Each structure stands twice: as C-alpha cells, then as structure tokens.
Amino acid sequence: MSSPVIELDDVTKVYPLPAGDVVALNGISLIIDEGEFVAIMGPSGSGKSTLLNQIGCLDRPTSGNLFLDGKNIREMDDRELTDLRLSSIGYIFQKFNLIPLLSAYENVEYPYIMKHRKNDDTGRVRDLLALVGIDENLSTHKPNELSGGQQQRIAIARALVNDPAILLCDEPTGNLDSQTGAQIMEALSELHKKGRTIVMVTHESEIAAYAERTIVIRDGRVA
Ligand SMILES: Nc1ncnc2c1ncn2[C@@H]1O[C@H](COP(=O)(O)OP(=O)(O)O)[C@@H](O)[C@H]1O
Ligand SMILES: [Mg+2]
C-alpha cells in the first residue's frame, strides 16, 4: 500500500496587494502518494507555481494545512523546515534561481555543503553535471555565461544533489529544445522508477504525458 507523502487540506494563499487581495490558491485539497509522478497543469496565472511553493515549504499557506510525510508543517519550526527542505525536497525553479557569483559546479555543490558541512569528495556533483550534459569546461562557467537551457540543466543537477525523496519541478523543460527536454524527461522518469515522488508543473500535454496522473488547476482551485 502506498502512503500519502504530500497532503493539502483546504489550502488558500492570498497575496495582499494595495490594489486588493490576490487569491492565488482558493481552497486546494489533494493527496499525493509516495512514489507518484504527478503533473500539475493549468493556464498561466492559475496558481501552479504558488501551489508548488507551498509544497516546497518556500512559503506558508494563508489558511488550511499542508502535511509532508504526515507532519503538519505549521507545527515545525524554521530549523525543522530548513532541514526538511535540504534533505527531502529538490526544487527546480521556473527561473532557475542559480547563484550568479558561483560557477555551475559550485551552484550544484552548494546544497551539498549546506547539508554535509563539507565539500563533495564523492564525485557526486561531477556525475550529476555529466548526467545533465554539462561538461567539465562548462562547469567552471558562471550562470550569465551559459544559455537558458544550460542553466536549466544545472538547476536540475542542483535539485538532485542531496538525493531528495520529493522532486518539485516548475516547467522543467520550459527553456529547453525538444531533444534536451526529452533527455531531461527521461532522467525524471528514471528517478521516478527509483521511487522518487515527483510533482511537475507544466503547460505542455506532451510533457504531462510522462506523469502517471494530471491535476488541473484553474483560478486557484482543482478543476
Ligand atoms: N508574490 C506575489 N505577489 C502578488 N501576487 C502574486 C505573487 N505570486 C503570484 N501572484 C499572483 O498569483 C496568481 C497565481 O500566480 P502563479 O502561481 O505564478 O501562477 P502560474 O504559475 O499558474 O502561472 C497570479 O494572479 C499572480 O499574479
Ligand atoms: Mg508559474
């Protein structure tokens, strides 16, 4: 039997703005089981990234509850949340969020150092860069010396460096040509086969087809 690893219970997210409140999530309830590969689809502005941010504990819901591994994140302090994020969750951001002053290699190594308090002497960073097709020469480049597709691949390697149980991907192939995109999707499918739980936001149905299940979001609600 599979068990719920992500559970949202009537989650709302409201952004208070001077012009009025923006209700980005409007009562989302859903359950994702351990080892599932789920796609989240919906039009632009429907709340997909906001939803992923809640699941990734980058933000806290305005109301409602989020359970990760059965634990209510409202009952966790900042340290517990940081540990959870570092050890259990890999996040691939829509806009990469690479650190500009660090090389490609150092960007991938960064969460490893945060978790292990030492440099990677296992070859893992190098192997992950190879997996996403970044050669040794490119790995010394800074993000602004790399194409969007290359930055995306580095962001993916970085998300995998601490071997997270849950992988959250926001439009993971959005900046890639279709061949590189297919390679990335094959890599995600491989990780899914090895037991990772994957939640992937996409607006492309060919990309969503790699997932086992699709959840459609419209106006901050499950459609
Ligand atoms: N930080 C923010 N401050 C104010 N409004 C926001 C913020 N982030 C997102 N929104 C608004 O919330 C809604 C959902 O946005 P988002 O989750 O980014 O949608 P999607 O990823 O589906 O395109 C949109 O109306 C967007 O303008
Ligand atoms: Mg988005």
Side-chain angles (χ1 to χ4, degrees), residues 6-32 36-68 73-74 78 81-82 85 89-100 107 143 147-160 164 166-178 180-181 184-185 188 197-223:
I6 299 165
E7 183 168 0
L8 282 83
D9 179 23
D10 204 16
V11 164
T12 70
K13 180 68 195 179
V14 179
Y15 294 110
L17 293 182
D21 288 352
V22 176
V23 181
L25 300 177
N26 191 0
I28 299 246
S29 297
L30 56 84
I31 291 177
I32 295 172
E36 264 200 290
F37 185 175
V38 174
I40 303 205
M41 296 193 78
S44 175
S46 55
K48 304 183 297 297
S49 295
T50 304
L51 173 60
L52 214 60
N53 284 345
Q54 311 304 308
I55 297 173
C57 303
L58 298 173
D59 199 2
R60 288 176 190 258
T62 306
S63 68
N65 288 302
L66 166 64
F67 301 87
L68 293 177
I73 63 135
R74 284 194 195 282
D78 283 346
L81 274 183
T82 304
R85 276 210 306 267
I89 300 174
Y91 209 115
I92 302 167
F93 295 92
Q94 189 166 11
K95 288 171 189 147
F96 326 129
N97 293 10
L98 297 175
I99 301 169
N107 264 283
S147 72
Q150 289 165 340
Q151 292 182 54
Q152 180 72 305
R153 289 187 260 160
I154 291 155
I156 290 165
R158 180 180 60 178
L160 296 176
I166 301 174
L167 201 54
L168 306 176
C169 328
D170 200 345
E171 309 267 7
T173 62
N175 301 280
L176 304 179
D177 60 83
S178 56
T180 315
I184 295 297
M185 291 315 300
L188 289 180
T197 307
I198 303 182
V199 185
M200 171 183 72
V201 166
T202 182
H203 61 266
E204 295 173 69
S205 43
E206 309 88 82
I207 297 298
Y210 283 89
E212 301 166 300
R213 175 158 75 103
T214 298
I215 297 172
V216 178
I217 305 288
R218 216 165 261 133
D219 294 330
R221 296 173 193 269
V222 177

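When a ligand or atom number is given, it counts from 1 through the structure's own listing order. When a residue number appears, it is its place in the shown sequence, counting from 1. Everything quoted here is computed from the prediction, not taken from an experiment.
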Does Gln94 reach the main-chain N or O of Glu171 with its side chain, forming a donor-acceptor pair under 3.5 Å? no
What are the atoms of ligand 1, with element, lying closer than 4.0 Å to any heavy atom of Ser44? 23 (O)
What is the nearest protein non-hydrogen atom to atom 12 (O) of ligand 1, stated with its residue, atom name and distance? Ala24 CB, 3.4 Å
Ignoring hydrogens and geometry beyond distance, is a side-chain donor-acceptor pair present between Tyr91 and Asn53 at under 3.5 Å? yes
Ligand 1 contacted by Ser46 (non-hydrogen, < 4.0 Å): yes
Considering heavy atoms of the protein only, find what lies nearest to atom 19 (O) of ligand 1 and give residue, atom and distance to 0.1 Å. Gly47 N, 3.3 Å
Of the protein's non-hydrogen atoms, which lies at the shortest distance from atom 6 (C) of ligand 1, and what is that distance? Tyr15 CD1, 3.2 Å
Name the closest protein heavy atom to atom 18 (O) of ligand 1, giving the residue it belongs to and the distance to 0.1 Å. Ser49 CB, 3.8 Å
Are any side-chain N or O atoms of Lys48 and backbone N or O atoms of Ile40, one a donor and one an acceptor, separated by less than 3.5 Å? no
Is_contact(atom 21 (O) of ligand 1), protein non-hydrogen, under 4.0 Å: yes
Closest to atom 13 (C) of ligand 1 among protein heavy atoms sits Gly45 O, 3.7 Å
By number and element, which atoms of ligand 1 are closer than 4.0 Å to a non-hydrogen atom of Pro43? 22 (O)
Closer than 4.0 Å and a protein heavy atom, does any atom meet both conditions relative to atom 26 (C) of ligand 1? no
Quick check on the Mg ion (ligand 2): does Ser49 put an N/O/S atom closer than 2.8 Å to it? yes
Side-chain donor-acceptor contact under 3.5 Å, Thr12 with Ser63: yes
Checking Thr202 side chain against Ile207 main chain: does a donor-acceptor pair fall under 3.5 Å? no
Keeping the roles fixed (side chain from Gln152, backbone from Pro172), state whether a donor-acceptor pair exists under 3.5 Å. yes
I need the atoms of ligand 1 closer than 4.0 Å to a non-hydrogen atom of Val22, numbered in the order shown. 11 (C), 12 (O), 25 (O)
protein heavy-atom neighbour closest to atom 15 (O) of ligand 1 works out as Thr50 OG1, 3.8 Å
Donor-acceptor pair, distance only, cut-off 3.5 Å: does the side chain of Lys13 make one with the backbone of Asn26? no
Taking the side chain from Arg74 and the backbone from Asn65, do they hold a donor-acceptor pair closer than 3.5 Å? no
Ile217 and Val222, any side-chain heavy atoms less than 4.5 Å apart: yes
